[in-house]
Structures are given as C-alpha cells and as structure tokens.
Amino acid sequence: MTEEKKMQYVHLTLCKVAMLLFGLNLVRTLSIHHDQLGFLIGFIGYSLVSIHVRTLEKKWEIPKKYVWISLGIFALIFLPLAYWLAFPR
C-alpha cells in the first residue's frame, strides 16, 4: 500500500470519528435540550458531511468491502452510545 493510500484511509477514519461525535452531539441536543431547530440544522450539516465522505470514497476508489466494514463498525459504536446519551439514568 502506498503512502498516499494510507493517508487516504487515515483521513477517512478521522472523518468517520468526526461524524460519530457530531451524531452523538445531535442526539444529546435533541434529548436533553429539546432543541428541534438546533437538531434540524445539525442534521442537515451531518447529512452534507456524510455525502462528502461518500463522494471521497468513490473518488479515491475505496473498495466496497471496506466501505461496508466501516459502516458496520460505525453503527456498532454509534447505536449503543446514542441510546446511552438519549436515555441517561
């Protein structure tokens, strides 16, 4: 694997981590502050970032296998944390 390809994977990983934190922030905003406008604005921003990441994956020709694996890992981390943040004890 070339150095450029490694950097592409590093950048995509950082984007996924940012999306994870951004998404968790949206869940917390809606569940604690009940700020629907803030959630809507954040959701639009989250959607735009998601579209950008998918475009980069296509542009950099990331294999579909890696895209699906990263999506699965993202969901396995995001869903339990979002539930935990949405329903604090």
Side-chain angles (χ1 to χ4, degrees):
M1 186 179 298
T2 65
E3 189 66 32
E4 180 181 350
K5 201 66 166 169
K6 287 180 185 177
M7 288 307 296
Q8 289 174 352
Y9 283 112
V10 167
H11 288 289
L12 282 176
T13 302
L14 290 174
C15 285
K16 294 284 184 171
V17 169
M19 286 176 57
L20 177 73
L21 295 174
F22 196 19
L24 291 173
N25 187 26
L26 287 174
V27 170
R28 186 160 175 91
T29 298
L30 187 61
S31 67
I32 291 178
H33 302 291
H34 305 289
D35 183 9
Q36 294 177 350
L37 179 61
F39 178 81
L40 179 65
I41 292 169
F43 185 75
I44 292 170
Y46 183 85
S47 299
L48 292 173
V49 170
S50 178
I51 291 169
H52 178 68
V53 168
R54 287 183 186 220
T55 304
L56 285 179
E57 289 171 343
K58 288 179 184 177
K59 180 181 174 185
W60 290 341
E61 299 174 352
I62 305 297
K64 287 280 187 185
K65 179 175 92 171
Y66 295 129
V67 173
W68 283 103
I69 289 172
S70 71
L71 181 63
I73 291 171
F74 179 83
L76 284 174
I77 294 171
F78 179 77
L79 292 174
L81 287 174
Y83 181 79
W84 179 66
L85 285 173
F87 303 108
R89 296 190 173 133

- Are Leu21 and Leu85 joined in one hydrophobic group, where the rule is that I, L, V, M, F, W and Y side chains link up if heavy atoms are under 4.5 Å apart? no
- Task: Report the distance from atom CG of Leu26 to atom CD1 of Ile44, rounding to the nearest 0.5 Å.
- Result: 11.0 Å
- The reported gap from CG in Asn25 to CZ in Arg28 (rounded to nearest 0.5 angstrom) is 9.0 Å
- Query: If you link I, L, V, M, F, W and Y whenever their side-chain heavy atoms are under 4.5 Å apart, who else ends up in the same group as Ile32?
  - Reply: none
- Message: Looking at every non-hydrogen atom in both residues, tell me the closest pair between Val27 and Ala86 and how far apart they are.
- Response: CG1-CB, 3.8 Å
- Item | Straight-line distance of Phe74 CZ to Leu79 CG, nearest 0.5 Å | 8.5 Å
- Indicate, with yes or no, if Val17 and Ile69 share a hydrophobic cluster defined by side-chain heavy-atom contacts under 4.5 Å among Ile, Leu, Val, Met, Phe, Trp and Tyr. no
- Spell out, yes or no, whether Ile41 and Val49 are grouped together once hydrophobic residues are joined by side-chain heavy atoms under 4.5 Å, including indirect joins. no
- Query: Considering only heavy atoms from C-beta outward, does the side chain of Leu12 approach that of Tyr66 to under 4.5 Å?
  - Reply: no
- Item | Same apolar cluster: Leu24 and Leu40, side chain cutoff 4.5 Å | no
- Query: With side chains defined as the heavy atoms from C-beta onward, is the minimum distance between His11 and Val53 less than 4.5 Å?
  - Reply: no
- Euclidean distance, Thr29 OG1 relative to Leu37 CG, rounded to 0.5 Å: 11.5 Å
- Message: If I compare all heavy atoms of Ser70 with all of Val67, which pair ends up nearest, and what's the gap?
- Response: OG-O, 2.9 Å
- Rounded distance (nearest 0.5 Å) linking atom CZ of Phe78 with atom CG of Leu71: 12.0 Å
- Item | Euclidean distance, Phe22 CZ relative to Cys15 SG, rounded to 0.5 Å | 13.0 Å
- Considering non-hydrogen atoms only, spot the tightest contact between Pro80 and Ala75 and give its length. CD-O, 4.0 Å
- Could you tell me which non-hydrogen atom of Glu61 sits nearest to which non-hydrogen atom of Lys5, and how far apart they are? O-NZ, 3.9 Å
- Query: So, the side chain of Ser47 versus the backbone of Phe43: is there a donor-acceptor pair under 3.5 Å, distance only?
  - Reply: yes
